[in-house]
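First comes the structure, then the notes that go with it.
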Protein chains: 2
Amino acid sequence: MAGTPKDSRVLEKGVAPAAPDRAPRSVGFLLSQLGFSASQRFLEVLKPLGLHPREFLLLRFISAAEGRSQQALASLLAVPPSRMVALVDHLEELGLLERRPDPHDRRVRALHLTERGRTVYGRATKLALEHEQRLCLGLSETEREQLIDLLHKLQPELIELRGVHPGLG
Amino acid sequence: MAGTPKDSRVLEKGVAPAAPDRAPRSVGFLLSQLGFSASQRFLEVLKPLGLHPREFLLLRFISAAEGRSQQALASLLAVPPSRMVALVDHLEELGLLERRPDPHDRRVRALHLTERGRTVYGRATKLALEHEQRLCLGLSETEREQLIDLLHKLQPELIELRGVHPGLG
DNA sequence: TATTGTTATACTCTATAACTATA
DNA sequence: TATAGTTATAGAGTATAACAATA
């Protein structure tokens with residue numbers, strides 16, 4: 001992949017330019033920087049609800065299909081089962097979900113949203129939308145669509161929901 | 001900012017859609033996800049050199065203007081002075097930079113690259129370029145420029161070099 | 001009295017592996 | 001013997017604050 005005409009153009013542009021105190025014109029750098037800022041902000045956005053972004057994501061998954069086991073969700077989110085415990089503990093303390101026994105296998109805990117869980121999840125979704133709008137204030141709607149399309153063209157395996165990063169999910 | 005025509009369009013599109021196991025069409029989500037993946041990969045890319053991304057960034061700053069004090073660079077990178085110590089320690093152990101006494105103020109240590117430091121920084125820059133090219137394999141050069149322009153249109157204060165995030169710098 | 005660099009400490013987050021109860 | 005969930009523990013990474021030398 002190195003040495004193609006396209007590569008040499010990138011090399012000419014320079015990812016680490018002579019002016020070092022400014023952000024380089026590098027997709028990798030901008031993504032890292034913007035991605036971190038965006039998740040930090042989203043963290044603050046959810047704080048009033050007492051939720052962490054990764055808990056919001058978990059609510060989203062449960063809401064999509066209630067009754068799945070902790071392990072099923074853990075593997076879906078690519079977190080170790082031991083970590084899932086604290087996650088579910090917290091959401092249960094908040095009264096947003098409940099562990100129900102599985103009649104067929106007494107080892108598993110099926111996760112279900114409570115009524116309050118559905119309400120809070122709805123609120124969080126609204127906050128996420130507002131967050132998105134603030135983030136994209138400098139873009140027209142066309143540009144926003146364009147940006148999303150371009151981001152999707154980057155290696156798709158990077159975007160997969162599994163292995164969601166610590167700051168977000 | 002909520003309630004404008006643009007906002008309602010975003011709301012219609014839906015950031016948290018009914019299909020929950022797929023990545024939503026949300027700039028915030030994609031940035032978080034891609035940013036995290038990109039920095040994780042960059043971490044691996046630099047490993048053969050024994051460098052952490054944030055050390056690479058530090059080298060970049062020193063290379064831009066040698067002789068600055070640790071505190072000056074610490075405030076530039078928005079890391080606490082205490083953290084800068086370990087950073088500089090490691091780079092000094094690797095023989096990439098040296099602390100020189102400041103003749104005018106015996107408290108300060110002026111940071112300079114060694115010859116080896118310049119060499120390794122050059123290698124790291126090359127690796128960073130290859131990383132960028134791999135990342136953008138799915139984009140034409142025009143699309144890559146377009147993407148960078150769009151990213152720059154997002155709130156610029158998010159991109160500033162200060163407060164570089166843990167995974168990157 | 002303030003500042004540079006340093007050290008000590010404590011806190012958060014995380015994964016690994018041991019453990020239990022079921023299967 | 002294997003699996004779901006849990007607990008214990010240890011490691012990495014971080015910030016805060018105390019400290020010594022110098023200004």
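Please read all numbers here as calculations on a predicted model, not as lab measurements. Here is how names work: the chains are called A, B, and so on, in the same order as the sequence lines, proteins then strands, and each is numbered from 1.
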Closest to the B:R83 side chain, choosing from D:dT22, D:dT14, C:dG5: D:dT14
Distance, rounded to the nearest Å, where B:R106 contributes CZ and C:dT6 contributes P: 16 Å
Spacing between A:R54 atom CZ and C:dC13 atom C1', to the nearest angstrom: 8 Å
Atom-to-atom span, CZ of A:R109 to P of D:dT3 - whole angstrom: 18 Å
Of B:R107 and A:S82, the one whose closest DNA chain C nucleotide lies more 5': B:R107
Donor on one side chain, acceptor on other, B:E132 and A:S26, under 3.5 Å: yes
Distance, rounded to the nearest Å, where A:H104 contributes NE2 and C:dA21 contributes C1': 19 Å
Given D:dG5, C:dT7, C:dT14, the nucleotide with the shortest approach to the side chain of A:V85: D:dG5
B:S140 side chain vs B:E143 backbone, donor-acceptor pair below 3.5 Å: yes
Aromatic ring pairing B:F56/B:Y121, orientation class (parallel under 30°, perpendicular over 60°, tilted between): tilted
Nearest-angstrom distance from the residue atom CD of A:Q71 to P of D:dA2: 16 Å
With A:E66, the salt bridge (Lys or Arg N to Asp or Glu O under 4.0 Å) member among A:R99, A:R60, A:R100, A:R118: A:R118
Side-chain donor or acceptor of B:T114 paired with backbone N/O of B:L96 under 3.5 Å: yes
Touch class at under 4.0 angstrom, heavy-atom based, for B:Q70 against every strand present: sugar-phosphate
d(CG, A:L87; P, D:dT7) in whole Å: 15 Å
Atom-to-atom span, CG of A:L77 to C1' of C:dT14 - whole angstrom: 15 Å
Nearest-angstrom distance from the residue atom CG of A:D102 to C1' of D:dG5: 13 Å
Closest listed nucleotide, where the reference is the side chain of B:P80 and the choices are C:dA15, D:dA15, C:dG5: D:dA15
A:D105, nearest nucleotide to its side chain (from D:dG5, C:dA23, C:dT6): C:dA23
